[in-house]
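Quick note on labels: first sequence line is chain A, next is B, and so on, each numbered from 1.
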Number of protein chains: 2
Amino acid sequence: MALNKKEDFSSKDQELASFAKALSHPARIAIIKLLAQQNSCICGEIVEVLPLAQSTVSQHLKELQMAGLVKGTIDGTKSCYCINWENLEKCIQEFTGILNTLDEQKTIACC
Amino acid sequence: MALNKKEDFSSKDQELASFAKALSHPARIAIIKLLAQQNSCICGEIVEVLPLAQSTVSQHLKELQMAGLVKGTIDGTKSCYCINWENLEKCIQEFTGILNTLDEQKTIACC
DNA sequence: TTTATTTATCGTATATTTACGATATTAAAT
DNA sequence: ATTTAATATCGTAAATATACGATAAATAAA
């Protein structure tokens, strides 16, 4: 069991779910906020701030990167992560888009 | 291992992550869309539309309900699920809020 | 060249999620 | 009273996610 049925849904729904999934852990929310608030890229500083081991933070960063919400560049021994604004904006638009259009139909709800 | 570290993050971040998690599966995105688009509450019709077994759909509905995005009422042998607009709006606001304020800081990104 | 620093990856343990069939429950229909 | 219908829950299997320590890899500093 536990067959992968996700591909049976529309690619739009899959994409939305995938963005949501990237944001579905408080550590990743915190990382996104940190990267955006900082005036410069952050690397090992994230590890200092978060209550997680270095390897775990690295894992979360990789997930954000694979979801396309963050991009990383190597700078000497250090790694520099930044928000991928192009994709984050797409994410924002898709979410606000779907949620707002749903919100317009609010009056019809029955219970 | 696999200790639960989620509680070490701010309650705001936890709440956001929890909303995101509820939307992190395409089946639940599809259910939310269905419930909003339909002029009346849907119950077993969701099962007809989704490529999943009845028990699996029921499980997803329960998750949406526990996340507060959906509410259900019993109507005879049938169950009626509706969007919980109060909470969905809160969810919308939190997401657009955080994402838009992040977006305002876009110019400072370095890579 | 050796050592220290930084980060990614590997291996691994545990927890959670996803999915289904089978069954229980409840109300309607016969 | 029995049967049918609709849905929730239970049990369970498999997949994923979460977390860490240990280690590898690559550059910088000594």
> Among D:dA8, C:dT9, C:dT18, which is the nearest nucleotide to the side chain of A:Ser58?
C:dT9
> Provide, to the nearest angstrom, the distance between the CG atom belonging to B:Asp75 and the P atom belonging to D:dA6.
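One finds 13 Å between P of D:dA6 and CG of B:Asp75, rounded.
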> A:Lys78 NZ to D:dA29 P: how many Å, rounded?
10 Å
> Is there a donor and acceptor pair, one atom on the side chain of B:Gln59 and one on the base of C:dA19, closer than 3.5 Å?
yes
> May I have the distance from A:Ile74 (atom CD1) to C:dT9 (atom C1'), rounded to whole angstrom?
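To the nearest whole Å, that distance equals 13 Å.
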> Output yes when at least one side-chain N/O atom of A:Thr56 is less than 4.0 Å from OP1 or OP2 of D:dC20, else no.
yes
> Provide, to the nearest angstrom, the distance between the CG atom belonging to B:Leu61 and the C1' atom belonging to D:dA8.
11 Å
> What's the NE2-C1' distance between B:His25 and D:dA15, to the nearest Å?
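It is 11 Å, rounded to the nearest whole Å.
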> To the nearest 0.5 angstrom, please state how far the OG atom of A:Ser10 sits from the NZ atom of B:Lys33.
5.0 Å
> For the side chain of B:Thr77, starting at C-beta, report the closest nucleotide among C:dA27, D:dT18, C:dT7.
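Nearest to the side-chain atoms of B:Thr77, counting from C-beta on, is C:dA27.
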> Hey, any chance A:Met66 and A:Leu69 share a hydrophobic cluster, counting ILVMFWY side chains that come within less than 4.5 Å of each other, even indirectly?
no
> Looking at A:Lys90 and A:Glu15, is any side-chain nitrogen of the basic one under 4.0 Å from a carboxylate oxygen of the acidic one?
yes
> Return the value, rounded to whole Å, for the distance between atom CG of B:Leu52 and atom C1' of D:dT7.
16 Å
> Look at the side chain of A:Ala53 and decide which nucleotide, out of D:dT7, C:dT7, D:dC20, has an atom nearest to it.
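Nucleotide nearest to A:Ala53's side chain: D:dC20.
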> Counting just side-chain N and O atoms, does B:Ser79 come under 4.0 Å of either OP1 or OP2 of D:dA8?
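Result: yes.
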> Shorter than 2.5 angstrom, is that how the SG atoms of B:Cys41 and B:Cys82 come out?
yes
> How many whole angstroms separate atom CD of A:Glu63 from atom C1' of C:dA8?
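One finds 15 Å between C1' of C:dA8 and CD of A:Glu63, rounded.
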> Would you mind telling me which of C:dT18, C:dA22, D:dA22 lies closest to the side-chain atoms of B:Gln54?
C:dA22
> Can you tell me if the side-chain N/O atoms of B:Tyr81 get under 4.0 Å from OP1 or OP2 in D:dA6?
no
> Rounded to the nearest 0.5 Å, what separates atom CZ in A:Phe9 from atom CD1 in B:Ile29?
11.0 Å
> Give a yes/no answer on whether the side chain of A:Lys5 brings an N or O atom under 4.0 Å of OP1 or OP2 in C:dC20.
yes
